[in-house]
Q: 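I have a structure I would like to understand better, so I am pasting it below and will then ask my questions one at a time.
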Amino acid sequence: MGLMTVKQYKDSLKDGRVVYYEGEKVADVTTHDSLKVCVDTAAVDYQMAEMEQFRDLAVVTNPQTKEPISRYYYTPKNSEDLLKRHELMVAATRFGSGVIPFSHDIGADAMNAVIITANMMGNKEYIKRAEKYHTLLQQKDLSVACAMSDVKGDRVLRPSSPKQGHADYYVHVVDRNDKGIVVRGAKAHITAAAYCNEILVIPCRNMEEADKDYAVAFAIPANTKGVIQVCHPVEHNRSSLDFPIDFPIRTHTDSLIIFDDVFVPWERVFLCGEWKFALPLVYNFAYLHRHTAASYRIPSAEGLVGAAVAMAEYNGIKDVPHIREEITELVIYCNTLKSLARASCIDFATHGGIPIPNPVLTNMAKYHFATNFHNSLKLVQDVAGGLLVTAPTYKDFQNPDIGEYIKKYLGGKAGVSAEARLRMFQLLRRMMQVYNEVVAVHAEGSFQAQRQMIYFESLKDMADYKKMVEFAAGITHQ
Ligand SMILES: Cc1cc2nc3c(=O)[nH]c(=O)nc-3n(C[C@H](O)[C@H](O)[C@H](O)COP(=O)(O)OP(=O)(O)OC[C@H]3O[C@@H](n4cnc5c(N)ncnc54)[C@H](O)[C@@H]3O)c2cc1C
């Protein structure tokens, strides 16, 4: 089949899936007033594959079949492949007005983690199923969401703990027969699942023997019987109070996915009871996906620098010492993220026979972006000034009685119009939405998840450094 066109992708979503939005069942996600904006955002991946300008980045030749496939479904062989994938995600986010399409990247991360884990287990049946599924994605160019985050109930208790309010806070196997398994539970915050073809489900934590029914990974089409999605609302229109902008809004919704006794055939099951391998699967997904996160955050870090520079210039303060310092802080923030994201491709690790971005550097990149994001917003807010929240609207600007006053009094330094300043404030307000702040903190795992990985992945280095200083101190025994 090969690559899907934008039209084929959209047509493929008219499949009877069960999706709710603002309390109502959605007949067709591609025509729904709000969700069609999200569908268009996800379609950017398919659009880029059709564009001459991006073709070399977005499409590779399948080494086995010699057919064109999405780069996301090409298994990296070396650092150059990892860097190309990184560059594709940065380019897709820039082209998507600061939003990554999420139709291939997260699913590919989960699929690669499944393959790596199957290889680590040495389980021939799982390797065969994972490779077959990989081939299906390559050949049909399907979009895939990754459903990892369970709803969890009491976070401190184990999934199987009888103290949990009920047994279904983590997705688990409730029945099995010679054809497959039946699963029940719910996953939260699953980005783009409402408009992906497939949902790839993996566990979200370590498991013990008692939790073995919760150690389950599988893939299902999004229209599978018993799968119910509840989306959160998105801002899908520009307000009439805003200055018009001549390109589309890009945004995503994230689904609460309910698995109401869903049947999964064995050929689509990749983990079922091997509780010791739940954590390696989670970790390998996290290594890959945090690199995706670090990559798609680069344009937003660049945007913060650009907006601070623009506002400083508009307001005539670009050479003021403390403003320069604040812009310098933002440049350091942006370039540290870029360097860590690139370095993790160069200094890669190999897990289950597949090169993956360096786990320590990748987690540092995501952690750096997330822990410094709010501080970076604060710096831009300081540079921009209070009009960021008190500015009159586009409607005021257009009003013949007051518009001229606004043009006169809200201009910046000589030659900078009030409209330029008001437009930049408008953009900044969008960049600074609470949603983006929470995405920085929680999406791809909260702070502690990264600190934990950085610590455990650095144990060997730490032991070497200790030896080094003991040698320098002349300590030969303790
Ligand atoms: C916009 C957005 C998009 C997302 N997209 C996806 C997606 O596509 N797929 C997906 O699978 N997930 C997705 N996520 C989920 C994301 O990975 C989780 O939000 C994140 O892992 C935190 O989990 P939580 O939201 O349940 O918060 P919680 O787990 O409740 O975390 C809140 C706090 O509790 C702490 N905590 C939790 N459990 C424990 C414990 N046992 N011991 C000690 N401390 C604990 C955490 O460290 C944190 O400080 C998305 C999240 C967001 C916000």
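Sequential numbering from 1 along the given sequence is applied to the chain's residues. All heavy atoms count here, side chains included; hydrogens, waters and symmetry mates do not. Just so it is clear, the structure is predicted and the values come from calculations on it, not from any experiment. Indexing begins at 1, ligand by ligand and atom by atom, following the structure's order.
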Q: For atom 13 (C) of ligand 1, what's the nearest protein heavy-atom neighbour? Residue, atom name and distance, please.
A: H189 O, 3.4 Å
Q: Could you tell me the residue and atom name of the protein heavy atom closest to atom 23 (O) of ligand 1, and the distance to it rounded to 0.1 Å?
A: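 For atom 23 (O) of ligand 1, the nearest protein heavy atom comes out as K152 NZ, 3.2 Å.
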Q: So, is D254 polar-close to ligand 1, with some N/O to N/O distance under 3.5 Å?
A: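 Checking ligand 1 against D254, no N or O pair falls under 3.5 Å apart.
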Q: Of the protein's non-hydrogen atoms, which lies at the shortest distance from atom 2 (C) of ligand 1, and what is that distance?
A: A443 CB, 3.9 Å
Q: Tell me: protein heavy atom nearest atom 3 (C) of ligand 1, and distance?
A: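 Going atom by atom, the protein heavy atom closest to atom 3 (C) of ligand 1 ends up being T191 OG1, 3.3 Å.
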Q: List the steps, then state whether side chain to side chain donor-acceptor pair (under 3.5 Å) holds for K366 with N363.
A: CA-CA 5 Å; K366 156 65 172 89; N363 276 280; over 6 Å; no
Q: Quick check: Y435 with H232 (ring centres under 6.0 Å apart)?
A: yes
Q: Please determine if E80 and R85 form a salt bridge, counting it only when a charged side-chain N lies under 4.0 Å from a carboxylate O.
A: no
Q: Does an N or O from M148, backbone or side chain, lie closer than 3.5 Å to an N or O of ligand 1?
A: yes
Q: Tell me, which protein residue and heavy-atom name are nearest atom 1 (C) of ligand 1, and how many Å apart are they?
A: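 Ranking protein heavy atoms by distance from atom 1 (C) of ligand 1, first comes V439 CG2, 3.5 Å.
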Q: So, Y195 versus Y9, ring centres under 6.0 angstrom or not?
A: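 Not under 6.0 Å, so no.
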Q: Is the shortest N/O to N/O distance between Q448 and ligand 1 below 3.5 Å?
A: no
Q: Could you tell me if R184 sits above the aromatic ring of Y214, with its cationic atom closer than 6.0 Å to the ring centre and no more than 45 degrees from the axis?
A: no
Q: Ligand 1 versus K187, non-hydrogen atoms closer than 4.0 Å: side chain, backbone, both, neither?
A: neither
Q: For ligand 1, note which part of I190 has a heavy atom under 4.0 Å away: side chain, backbone, both or neither.
A: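 The part of I190 near ligand 1 is both the backbone and the side chain.
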Q: Short check: is a protein heavy atom less than 4.0 Å from atom 29 (O) of ligand 1?
A: yes
Q: Identify the closest protein heavy atom to atom 40 (C) of ligand 1: which residue and atom is it, and at what distance?
A: R155 O, 4.0 Å
Q: Measuring to protein heavy atoms, does anything land under 4.0 Å from atom 43 (C) of ligand 1?
A: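 Neighbour list for atom 43 (C) of ligand 1 is empty of protein heavy atoms (cut-off 4.0 Å).
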Q: Quick one: do F373 and Y333 satisfy ring pair (Phe, Tyr, Trp, His ring centres under 6.0 Å)? Show the steps, please.
A: CA-CA 9 Å; F373 183 68; Y333 172 63; 7.2 Å; no
Q: Any protein heavy atom sitting closer than 4.0 Å to atom 34 (O) of ligand 1?
A: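 Protein heavy atoms within 4.0 Å of atom 34 (O) of ligand 1 - there are none.
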Q: Would you mind listing which atoms of ligand 1 come within a distance below 4.0 Å of any non-hydrogen atom of G445?
A: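 Answer, ordered by atom number: 17 (O), 21 (O).
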Q: Would you mind telling me if ligand 1 is within reach of the side chain of F447, the backbone, both or neither, using heavy atoms under 4.0 Å?
A: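 Contact part for F447 vs ligand 1: neither.
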Q: Any Lys/Arg nitrogen of D150 or K152 sitting under 4.0 Å from an Asp/Glu carboxylate oxygen of the other?
A: no
Q: Among all protein non-hydrogen atoms, which one is nearest to atom 22 (C) of ligand 1, and what is the separation to 0.1 Å?
A: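 Of every protein heavy atom, H442 ND1, 3.5 Å lies nearest to atom 22 (C) of ligand 1.
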Q: Check this for me, if you would: do D40 and K36 make a salt bridge, where the nitrogen-to-carboxylate-oxygen distance has to be below 4.0 angstrom?
A: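 Looking at D40 and K36, the cut-off is not met.
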Q: For ligand 1, is there an N or O atom under 3.5 Å from any N or O atom of Y435?
A: no
Q: Is ligand 1 under 4.0 Å from a heavy atom in the side chain of C146, in the backbone, in both, or in neither?
A: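 Only the backbone of C146 comes within reach of ligand 1.
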Q: Looking at K276 and E209, is any side-chain nitrogen of the basic one under 4.0 Å from a carboxylate oxygen of the acidic one?
A: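 No.
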Q: State whether D213 and R176 are salt-bridged, where the test is any N-O pair (Lys NZ or Arg NE/NH1/NH2 against Asp/Glu carboxylate O) under 4.0 Å.
A: yes
Q: Return the residue, atom name and 0.1 Å-rounded distance of the protein heavy atom closest to atom 49 (O) of ligand 1.
A: S446 OG, 4.3 Å
Q: Is the terminal nitrogen or CZ of K25 (NZ for Lys, CZ for Arg) located under 6.0 angstrom from the six-membered ring centre of Y21 and within 45° of that ring's axis?
A: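 The answer is no; the distance or angle limit is not met.
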Q: Might you point out which heavy atoms bring A49 and R55 nearest each other, and give the distance in Å?
A: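 Taking every non-hydrogen atom into account, O-NH1, 2.9 Å.
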